[in-house]
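Here the structure is a predicted model, which is why all the values come from computation and not from measurement. Start at 1 with the first residue, then count along the sequence.
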Amino acid sequence: MTRPYPRSSARRTAAWLLASALVPLLLVAALLTATLQRQPTVPSSADVGPADVARAVSLLRTHDPRQARPGQVSTALLHQRDLDVILSHGVHRWLAANGSVVLEPTRARLRLSTRGPDTPFGAWLNLELVLAETSGLPQLDGVRVGHLPLPVWLAEWAAPRLAERLGLAREWQLAGDIIRRVHFQRDVLLVTYAWQGDSVNRLFDGLLSPADLARLRPYSDLLVNLAARAGAGWQLPMVQLMPPMFDLARQRSTAGNDAAAENRAALLALTLYANGRWLGHVSAAARSWPRPRPLQLLLAGRGDFPLHFLVSAMLAAEGTTPLSRAVGIYKEIADSRGGSGFSFNDIAADRAGTRFGERAVRDPVALQALVARGVGDADLMPRFEDLPEFMAEPEFLRRFGGVGAPAYNTMLAEIDRRIEGLPFTR
């Protein structure tokens with residue numbers, strides 16, 4: 001006769017099974033509670049303005065690697081605002097996150113916030129990295145995800161692997177090779193560096209990966225053919241190049257390639273070409289490629305509009321819309337101080353290009369089909385003939401009060417209203 005199973009043993013077994021099921025769930029819940037939060041620690045990316053672009057241009061001119069002597073030790077001074085702009089652009093571009101930095105004596109705190117799916121525990125993943133100054137490169141001194149501190153060794157192990165995954169391994173290694181010391185002060189960062197003999201070539205060769213070059217080659221070759229068939233003369237309407245370029249993007253997307261990436265490649269090839277450059281200028285590997293016959297592109301009969309439109313479109317397609325708008329405004333402010341003058345029609349070309357670049361990655365297949373069918377100048381540029389232009393700075397300030405003033409914002413709103421009527425914004 002079978003002996004009955006003791007009730008106490010049955011209860012213990014049931015309790016053990018219940019605990020085995022609940023403990024992992026409780027641990028996961030505790031982990032989510034500690035790491036996910038309901039609000040971001042960095043609420044939004046830094047809003048880039050003309051002053052930020054002017055500062056960046058000044059820094060690039062002062063520390064242009066092409067002018068440096070190998071081995072010469074130099075020091076760059078960056079303010080916290082400079083770093084906020086650089087960091088917010090970088091993390092938005094590569095991590096779809098917001099970023100900020102706080103500089104303190106001998107330390108820096110980098111904060112990142114990225115939004116995930118909504119959960120009962122929150123939707124925001126907030127990361128804080130603490131960097132401590134040393135006699136050389138900074139060392140990681142603390143890591144926190146939400147309320148949960150993590151071992152420093154884990155972040156040190158993950159950092160180069162993340163750089164590799166994001167395609168930034170070359171830049172990571174190059175920075176380690178040229179930077180001698182980083183000194184933190186309140187609101188100020190001092191970077192002591194020395195370019196090596198091959199640093200400049202490594203910098204430019206790292207701008208485009210082998211995969212980028214493979215994607216760009218068909219567009220470069222197509223530009224060679226289109227420019228050769230353009231006939232006599234040295235000028236060409238931009239709208240004659242865009243349909244075949246975006247039809248190629250459409251064909252390659254249909255074949256299984258990423259449509260947004262194909263649109264970025266088409267825009268980059270067009271932007272370099274409009275600026276009198278080609279891919280060999282930014283990549284040693286592309287210097288053996290055929291070079292398209294140089295032509296000045298025209299949009300609405302003007303040679304400056306393609307530059308404004310395409311540069312803004314490319315920047316927006318790369319995920320840097322605030323930067324693309326700031327670059328255009330900075331250019332106009334600089335012109336008002338001694339160039340051709342402040343022109344709202346150039347701003348119209350900038351803002352139209354920005355909207356085009358946004359659509360190129362937000363709804364890439366639809367844009368390819370639209371442009372491939374053929375476009376005219378009026379499909380890309382809003383009505384601009386009545387917009388004020390060629391204003392010297394005193395006139396611009398007298399009539400519109402400067403960037404951000406009510407009259408200036410009213411003019412931008414009118415430009416945006418006109419852009420809303422263009423086919424590619426619908």
Under 4.5 Å between any side-chain heavy atoms of [X] and [Y], yes or no?
X      : Y      : value
Val143 : Pro151 : no
Asp304 : His308 : yes
Ile347 : Leu412 : yes
Phe305 : Leu310 : no
Leu422 : Leu380 : no
Pro388 : Phe400 : yes
Leu279 : Tyr219 : no
Phe184 : Leu189 : yes

Taking [X] first and then [Y], would you say they form a salt bridge - that is, a charged N and a carboxylate O separated by under 4.0 Å?
X      : Y      : answer
Arg355 : Asp350 : no
Glu420 : Arg417 : no
Glu262 : Arg250 : no
Glu128 : Arg111 : yes
Arg373 : Asp379 : no

**Audit row: Leu131, Arg107, side-chain contact (heavy atoms from CB on, under 4.5 Å) steps and yes/no** = CA-CA 6 Å; Leu131 298 176; Arg107 300 169 78 79; over 6 Å; no
**Asked** Are Asp84 and Ser100 linked by a side-chain donor-acceptor pair shorter than 3.5 Å?
**Response**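 No, no side-chain donor-acceptor pair sits under 3.5 Å.
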**Request:** Mind running side-chain hydrogen bond (donor to acceptor under 3.5 Å, both in side chains) on Ser113 and Asn126 for me, showing each step along the way?
**Result:** CA-CA 5 Å; Ser113 296; Asn126 295 310; 2.6 Å; yes
**Prompt:** What pairs with Phe424 under ring-ring contact (aromatic ring centres under 6.0 Å, His included), at least two apart in sequence or on another chain?
**Reply:**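 Checked Phe424 against ring-ring contact (aromatic ring centres under 6.0 Å, His included); matches are Phe356.
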**Request:** Evaluate the criterion salt bridge (charged side-chain N to carboxylate O under 4.0 Å, His left out) for residue pair Asp346 and Arg351; output intermediate values, then yes/no.
**Result:** CA-CA 9 Å; Asp346 288 345; Arg351 295 174 84 84; over 6 Å; no
Would you compute the distance between atom [atom1] of [X] and atom [atom2] of [Y] and round it to the nearest 0.5 angstrom?
X      : Y      : atom1 : atom2 : answer
Ser220 : Leu272 : OG    : CG    : 9.5 Å
Leu270 : Asn275 : CG    : CG    : 11.0 Å
Glu133 : Leu190 : CD    : CG    : 9.0 Å
Asn345 : Glu389 : CG    : CD    : 4.0 Å

**Prompt:** Just by distance, do the side chain of Asp221 and the backbone of Pro218 share a donor-acceptor pair under 3.5 Å?
**Reply:**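 A pair under 3.5 Å: no.
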**Message:** Quick check against the 3.5 Å criterion: does Asp247 have a side-chain atom that pairs as donor or acceptor with the backbone of Ala372?
**Reply:**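 Such a contact is absent between Asp247 side chain and Ala372 backbone.
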**Item:** Qualifying ring pair (Phe, Tyr, Trp, His ring centres under 6.0 Å) pairs with a residue from residues 362-382, counting only residues at least two apart or across chains
**Value:** none
**Message:** Using salt bridge (charged side-chain N to carboxylate O under 4.0 Å, His left out), reason through Arg302 and Asp377 one step at a time and then give a plain yes or no.
**Reply:** CA-CA 10 Å; Arg302 292 181 50 157; Asp377 291 336; over 6 Å; no
**Prompt:** Taking the six-membered ring for Trp, are Phe390 and Phe342 ring centroids under 6.0 Å apart?
**Reply:** no
Identify all side-chain donor-acceptor contacts of residues 227-240 below 3.5 Å with residues at least two apart in sequence or on another chain.
unit_1, atom_1, unit_2, atom_2, d
Gln235, NE2, Gln296, OE1, 2.6

**Considering all heavy atoms, the nearest Ala348-Ile419 contact** = O-CD1, 4.0 Å
